[in-house]
Structure formats: structure tokens, C-alpha cells
Protein chains: 2
Amino acid sequence: MDQPDLTAAPGADLAARLRLSVVRLSRRLRSQRSDAITLTQLSALYTLGACRAMTPGELATSERVRPPSMTRVIASLEEAGLVTRRQHPTDGRQSIIELTRAGADLLAAEASARERWLDKRLAELTEDERGTLSRASEIIDRMAGA
Amino acid sequence: MDQPDLTAAPGADLAARLRLSVVRLSRRLRSQRSDAITLTQLSALYTLGACRAMTPGELATSERVRPPSMTRVIASLEEAGLVTRRQHPTDGRQSIIELTRAGADLLAAEASARERWLDKRLAELTEDERGTLSRASEIIDRMAGA
DNA sequence: TATTGTTATACTCTATAACTATA
DNA sequence: TATAGTTATAGAGTATAACAATA
């Protein structure tokens, strides 16, 4: 039958190729995580680092996961001392999650961790290729958020 | 409080942005999977569709997972009647995995499933944006395979 | 003895459903 | 009654360690 090498052929179905690429890179990134923190935790921490103080619901929306999933992520981050929780000023149901000093430090360390796997791989690319990935990242965010 | 942050800022650390993008798109893709098959199974099926006949070890290497993980994926595909296993001609330890007719049919159906979430999103992009994603996909594959 | 693959086990990630507390 | 969040539970995905069969 038709013999499309979907992993390589440039003209082949984009959705299939992009799906494979993302699945495989995602596996790689998860397996390359540090001992201290998982990729899911790091992702939430980045969002918190950008928005400073958020409710669990805002975090879940921002990370595009369901509230129960975020509950577990927050609990693990709290236990690790990377975030704290304080009362919401007006709504007793909600709470405010913020980075601790340790959380901010870890984020800063991650950001400058040039020895990290992905940083190394990116450093091996040309400037043009990094530009392509940068634009792709923006397009992907738009798609994933839609 | 829409993130002004690492997900959007063009000058921000590429590794961090790409990591977030890939994690989020991966979540989306897994949640958008059909009822019939998971993304992990589909990924293995695509590889089998391209390479026709492979041993479990070759499949694991190609998908970049560990052998025990591939054992489970193959078992689930076998149970679903999407792949079959036959004896290796010269090595009794190995076996040969191949698509069944049902597996090939499902793959063909997926490939032409224009109603799928990712296909819809991609169709909304400009030709230029799709070109960027296509090039990014190739770069990502090179990185993930390195 | 080395290689290939499977079984046993455990942990992460995520979801849905049901529940609690507050608005 | 509606909303925000948590708890209970389940299933997918992946890994390491130990094992069996074959080379």
C-alpha cells in the first residue's frame, strides 16, 4: 500500500508529523527532568513566576488542566516548600498561591541552567533554526489555547 | 491577568518557552485522542506503518521509550487486533510485529481524519505559519533523536 | 556471558464524579 | 442554587529491577 514515511517526508501530513514530534520531545523533556522537580511542577512554577499570585482555579486555567489535577500539583509544590498559600481577601472558598523564596530560587536556577539537555540541544542549532522554533512556539501556544 | 510572560515574550528564554509549548500541546493532543486509540498507541502505529515490520526492540528505539514500555504498547495493540506478531526467522528471542489490515485501516482513517482537532487548528493557520511548524517539526525530531 | 524481551512493581500525570464550603 | 476547590478513584504512560529464554 501507500508507503508514507511520516516521520521524515517533508510533504507528508503536517498534523501527523507534528503530533509525533511533540510526543517524542515531550517524552524526552520529562525524562530529562532534574531530580528535584518534575516537568509538570516546573511548568506551573513558571506560570506562577510570571503572574506572581494566583488562585488554584487561575493556575488550572492557565496551565489548561482540570482543577483536581492542579490541586495535586499545588500540594506537591507546597510540600516541597516551593509555593505558599494564603487566604483570599474576599472569598473564603479561594486561596492565593505564591512562590516562596525557594521556589523563586529554583526557577532562577532552572532559567540559567545551561547544562540542561534542551539548552544544549538548542545551542547546537543555527540562529535561523532557533528563530523557527521560537515562531513555532508562539503558533503552538495560540493553537493550544484556542 | 493574562500571562504577559514566558509563553509570549519573544526575547524570553527559548528553552523555557519551547518546554511550556510542548507540554501544553502534548496535553491537548492526549485529551483530544479518539475513543478507539491513545496517542501513544497511535504513535507506535505510525512508526510501524512507515517501517512495515519491526522487532519490539526496534520499535522501542524508534519511539525512544524503554523496552518494558513498548511491551505494554504492543500488547495493547495486539489485543485490539491492530498488529500481529510472528516468529523471527533466525533469532528465537525476538519477534516481528506487523500491522494488521485493521491497523492499516485505522492509520488511513486517522490520516484523512480532517475533523480531528489538530487538523482543524492547522487549517486555521496561514500557509507561512504551517511552513514554520513543518520546519520546527524537523528540527525537533533532530533534537529529540540526538 | 551478553542480548532480547517480559513480568513485577511503582510513580507521575491526568481525568471524571462526588463531596464540602462559601457566595 | 451556583461556584471554587478538594477528595476519591481510575486509567494511561513510563521507568527500573529482576527474570527467562536464546545467542
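Just so it is clear, the model here is predicted, and its values are computed rather than measured. The sequence lines fix the lettering, A, B, ..., with proteins before strands; numbering per chain opens at 1.
- Look at Q94(B) and you'll find a side-chain N or O under 4.0 angstrom from OP1 or OP2 of dG5(C).
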Provide a list of protein-nucleic acid N or O atom pairs under 3.5 angstrom, restricted to nucleotides 14-18 of chain D.
{"residue": "dT14(D)", "atom": "OP1", "partner": "R27(A)", "partner atom": "NE", "Å": "2.5"}
{"residue": "dT14(D)", "atom": "OP2", "partner": "T40(B)", "partner atom": "OG1", "Å": "3.3"}
{"residue": "dT14(D)", "atom": "O4", "partner": "R72(B)", "partner atom": "NH1", "Å": "2.3"}
{"residue": "dA15(D)", "atom": "OP2", "partner": "R66(B)", "partner atom": "N", "Å": "2.9"}
{"residue": "dA15(D)", "atom": "OP2", "partner": "S69(B)", "partner atom": "OG", "Å": "2.8"}
{"residue": "dT16(D)", "atom": "OP2", "partner": "R66(B)", "partner atom": "NE", "Å": "3.4"}

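- Here dT14(C) presents its P atom at 8 Å from CE of M70(A), a figure rounded to the nearest Å.
- In this structure, E79(B) has no salt bridge (charged side-chain N to carboxylate O under 4.0 Å, His left out) partners at least two apart in sequence or on a different chain.
- Side-chain contact between D141(A) and R17(B) is absent, with no heavy-atom pair separated by less than 4.5 Å.
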For a quick test of your reading: what N or O donor-acceptor pairs under 3.5 Å do the side chains of residues 97-109 of chain A make, sequence neighbours left out?
{"residue": "E98(A)", "atom": "OE1", "partner": "R86(A)", "partner atom": "NE", "Å": "3.0"}
{"residue": "E98(A)", "atom": "OE2", "partner": "R86(A)", "partner atom": "NH2", "Å": "3.4"}
{"residue": "T100(A)", "atom": "OG1", "partner": "G81(A)", "partner atom": "O", "Å": "2.6"}
{"residue": "T100(A)", "atom": "OG1", "partner": "L82(A)", "partner atom": "O", "Å": "3.1"}
{"residue": "T100(A)", "atom": "OG1", "partner": "A102(A)", "partner atom": "N", "Å": "3.3"}
{"residue": "T100(A)", "atom": "OG1", "partner": "G103(A)", "partner atom": "N", "Å": "3.0"}
{"residue": "R101(A)", "atom": "NE", "partner": "D105(A)", "partner atom": "OD1", "Å": "3.1"}

Report, one pair per line, the protein and nucleotides 21-23 of chain D atoms (nitrogen or oxygen only) whose separation is under 3.5 Å.
{"residue": "dT22(D)", "atom": "O3'", "partner": "G92(B)", "partner atom": "N", "Å": "3.4"}
{"residue": "dA23(D)", "atom": "OP1", "partner": "T90(B)", "partner atom": "O", "Å": "3.4"}
{"residue": "dA23(D)", "atom": "OP1", "partner": "G92(B)", "partner atom": "N", "Å": "2.8"}

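- Interatomic distance, CG of L18(B) versus CG of L25(A), reported as 6.0 Å (0.5 Å rounding).
- L133(B) contributes atom CG, which lies 10.0 Å from atom OG1 of T132(A) (distance to the nearest 0.5 angstrom).
- Nearest-nucleotide positions on DNA chain C place G57(B) closer to the 5' end than the other of Q41(A) and G57(B).
- Counting only residues at least two apart or in different chains, salt bridge (Lys or Arg N to Asp or Glu O under 4.0 Å) contacts with residues 126-137 of chain B comprise R142(A)-E129(B), E127(B)-R130(B).
- Interatomic distance, CE of M70(A) versus CD of E63(A), reported as 5.0 Å (0.5 Å rounding).
- Between the side chain of S43(A) and the main chain of L39(A), no donor-acceptor pair closer than 3.5 Å is present.
- Between T55(A) and the phosphate of dG5(D), there is a side-chain N or O to OP1/OP2 separation shorter than 4.0 Å.
- Put simply, the side chain of T61(A) gets close to the backbone of G57(A): a donor and an acceptor are under 3.5 Å apart.
- Here dA12(D) presents its P atom at 13 Å from CD1 of I37(B), a figure rounded to the nearest Å.
- The CD atom of E58(A) sits 10.0 Å away from atom CG of L48(A), with the distance rounded to the nearest 0.5 Å.
- Proximity of a side-chain donor or acceptor of R24(B) to a complementary backbone N or O of I140(A) within less than 3.5 Å is not detected.
- The separation between L42(A) atom CG and dC13(C) atom C1' is 15 Å, rounded to whole Å.
- Only at 4.0 angstrom or more do the heavy atoms of residues 76-88 of chain A sit from any atom of DNA chain C, so none qualifies.
- Per the geometry, CD1 belonging to I74(B) stands 8 Å off P belonging to dG5(C), to the nearest Å.
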